[in-house]
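Worksheet: the structure to be examined is printed underneath.
Order of the sequence lines fixes the chain letters, A, B, ..., with proteins taken first and strands second; residue numbering starts at 1 for each chain.
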Amino acid sequence: MSETTKTTSASDKKLLIIDGHSMAFRAFYALPAENFATSTGQHTNAVHGFVSMLLTMIRQQKPTHVAVAFDLDTPTFRSLEYTEYKGGRNKTPEEFYGQIDLIAQVMKAMNIPSITLESFEADDILATMATRGEEAGFEVLVVSGDRDAFQLITDRTLVLYPKKGISDIPPMDAEAVETKYFVRPERYSDLAALVGETADNLPGVPGVGPKTAAKWLNLYGDLDGILENAESIKGKVGESLRAHVDNVTRNRRLNQLRHDLELPVSLEETELVAPNREEIENLFDALEFNTLRKRLFDLFAADEDEEQPEAAVFERLEAKDAGALGDFIAAGQGAPIAVQLAVTAAEAVGVALFREGKAIWLELAGLDEDSEKVLADFLADAQAPKIFHDAKLAKHRLIERGFNVAGLGDDTLISAYLIQPDRRSHELVDLVQYHLKYTVPVLKPAKKGELDLGLTADLAEPTLAQAQAIFDLSAFLAIKVAEKHAAQLAAEMELPLIDVLFDMERAGIAVSRERLDELNAHFTGQVEQATKEAYESIGHEVNLSSPKQLQVVLFEELDLPKTKKIKTGFTTDAESLQDLLVKTQHPFLVALMAYREAIKLRQTVEGLLKSIGDDGRIHTTYAQTVAATGRLSSLNPNLQNIPIRSEEGRRIRDVFIVGEGYETLLTVDYSQIEMRIMAHLSGDEGLIEAYESGEDLHRYVGSHVFGVSPAEVSSEMRSKVKAMSYGLAYGLSSFGLSKQLKISVDEARTLMKDYFARFGAVRTYLRAVVDQARKDGYTETIFGRRRYLPELNSSDRRLRDIAERAALNAPIQGSAADLLKVAMLKISQRLREGSYKSRMLLQVHDELVLEISAGELDAVQELVTHEMSQAADLLVPLDVQPGIGKSWHEAEH
DNA sequence: AGTGTAGCAA
DNA sequence: ACGTTGCTACACTG
């Protein structure tokens, strides 16, 4: 944060003059409108971006005078001369309305004059102001997104022209214009007249681009020179020029900016003075700008007090010795400290610590022994609260460096997830932009082929800024979390779970590379066999993995009946292939289906082989903030979708084995967890009775739906009610049920009717869930986890239906997820307190896999089954099923 | 690099 | 249009 402060003598005057509309538009398109709105619905993205841009410019360029020029809605001398001027532009987006006026209000509060002039454009005001400024001996900076401004460039006037968005606005000088357009700025308008300007609806000479125009200008001096010599220009372009002379002269007249206007504001009145604090406060309250307010006041406060380095929002320390670090930590007096790591090549190389107003940066490579000890003690101190963004990842990076972490005060990743579980990204940069409305610097990972120099010194500044952002975000989100009643969930479930998941990920699960290799060979053989048969059956080769090529084979060459339509034609999915097989008996289909099954399994096996770690184990990563319902997800590799349903696929579970030093694997899973939760939430007497009777659930339900005794429930009847029961939790329709069971819609409807006649409270409950969610805006699990579903009130039928099904499912799936999380926390705690060596390895939504140490099986099995079945007190018992074996397959039951 | 299709799990 | 929540692989497209 050590920006060099240019010393400017008092006599140096600098005028910053801004094209208000064009910059507001840039800001509008640079920032997503949906992220910037007040609670009353007024969009503020253009206002926010504009003010942010202005503050940055004032900070960087240090102008002594500032003014903003705006266009008026009334006609200008240009539109009067040429009615199509600036025609054909898209309509102003609705979200932009009112934002210009708000910007003008902010300018007023900042004591920056807004200049408008009847029948002239902002560009003419810029030109006039620039000329006045130059005459008075000012340096001039013109900020505009309109290229016409380039004609204003001189040795004393620069144009700041945004490349894209509002953060990248490099100054253009004469050199820059010449490099880009091959002419000096004073000839730019001539060039533009020849080329034309699409944005202003000013066609030029067809066939003439900047290159040709520049060539002519350099040849004939200026536009008049070209027009005088128009007859002597040869070829198609010469012809084109002669045919469009009118365009050119008109363009030139219109793009000539006026330098001589009578302006309502004098140069002296544009002097930059302190803002009107009260007005800013009121305005920013209404606009709900909080970080901008701080930036604004910091900026002007820094101006008043030369002592304070204005760019530094916080005081930055560099840990040169253990004393400095120790003092920094001690001075915090136990208040939370934000911790952010700088990581290169998956390795932590630096640490930024932030507490209120102060930050410290440590390079891990350069740490002396004493400092390392101070840092290690701080990180491992359970009484020293630390704030991370993604604590689990940080813990992995730190333990690899020999640092243990305890005392987790907050994790902004978790907080952000709990208040917006449907959000797809919870990356720090996005969250800071979204919630705090400022931009935090990110470290771009080196691209492929680029050398990752990993200059640690360059990491300091962005990492410190990130640590500050985490600190700010934690405070901000804590309020939101409390407002949304998620504080208890965070403190008692999600934050403690981080440590449990960290341990599971670090443990990993042992695999047999030998068995994986065997399976790989086995499935590869099947793939080859199926491929061969497929090719033979159609007489040529085809990429069996390409749905597009398969469509050609199936529906054109073989002319098989058409399947369900998809975006790219007709589906070739497994279900449709099966239908086609029944209809046509074509041998290609048999081979293709065999190919699909075998290659899928081989991919799974290959993926597992690639993820075996140096310790011979596979370490998945659990994502705690991805599934909107509260479930975990597993990635790199995904161990929550290892095949089990097909006999062939199931063999893959045999490669997951008990590790060395352990005796056996133990799996424990909930039986019918979601149906039990449905019974509990609905309070349906019939379902509760079913579970208490000890009878097989689907048999029991079937006997009531079909009016027969349990013994008389046929397997067909049983599978129907089973599909029905499970479908309910997903918002299944009679159409969907009929499709799944391959029965008529009428029959499906009858089935549902009969079902609800016996288990009516289920229907009542499901309807109530959606009603409540529509009213309150969210669904809730047994443990109070919320999922927000604003689209329940959408006018778009499709979106509303999707939201309704999500609403039906979220409390059920989410409560099941909560239950297992509670159980995992208890199990982890009891394993630790009992000093067991046995440990949890995997979680698969309703199942836990543990690795059991010699002699601990009975106790641990008892402990696990107990904690799982007692995770909550429901209206129905929670039944759990243990299994034991040397492999995951064996332990399955 | 992003999109679409497909298929595996709970 | 018609059952939820995920992850990964591949082909194909810009």
Residue Ala627(A), side-chain heavy atoms: nucleotide from dA10(B), dG6(C), dT5(B) that is nearest: dG6(C)
Need one value for Ile599(A): base, sugar-phosphate or nothing, where a base atom within 4.0 Å counts as base even if backbone is also close, heavy atoms only. nothing
Answer yes when Arg785(A) and Glu494(A) have at least one side-chain N-carboxylate O distance shorter than 4.0 Å, and no when they do not. yes
Strictly below 4.0 Å, heavy-atom distances to any atom of DNA chain C: list the hits from residues 632-656 of chain A, or just say none. Ser633(A), Ser634(A), Leu635(A), Asn636(A), Asn638(A), Asn641(A)
Quote, to the nearest angstrom, the P distance that separates dG3(C) from dT3(B). 25 Å
dA1(C) to dG7(B) separation - C1' atoms, rounded to the nearest Å: 23 Å
Of all the nucleotides listed (dC7(C), dA10(B), dA6(B)), which has the minimum atom distance to the side chain of Asp846(A)? dA10(B)
Does dA1(C) have OP1 or OP2 under 4.0 Å away from a side-chain N or O of Arg797(A)? no
Reading nucleotides 9-14 of chain C from the 5' end, what letters show protein touch, with B for base, S for backbone sugar-phosphate only, - for no heavy atom under 4.0 Å? SSSSS-
Could you go over nucleotides 2-4 of chain C and give all protein N or O partners under 3.5 Å, atom names and distances?
residue	atom	partner	partner atom	Å
dG3(C)	OP2	Ser733(A)	N	3.1
dG3(C)	OP2	Ser733(A)	OG	2.9
dG3(C)	O3'	Arg805(A)	NE	2.9
dG3(C)	O6	Gln740(A)	OE1	3.1
dG3(C)	N1	Gln740(A)	OE1	3.3
dT4(C)	OP1	Arg805(A)	NE	2.9
dT4(C)	OP1	Arg805(A)	NH2	3.1
dT4(C)	O2	Gln813(A)	NE2	3.2

Using a heavy-atom cut-off of under 4.0 Å over every strand shown, decide if Ala623(A) touches base, sugar-phosphate, or nothing. nothing
Tyr788(A) six-ring centre to Lys484(A) NZ/CZ under 6.0 Å and within 45° of normal: yes
Closer than 4.0 Å, any side-chain N/O of Lys600(A) to the OP1 or OP2 of dG7(B)? no
Any donor-acceptor N/O pair, Arg839(A) side chain to Ala507(A) backbone, under 3.5 Å: no
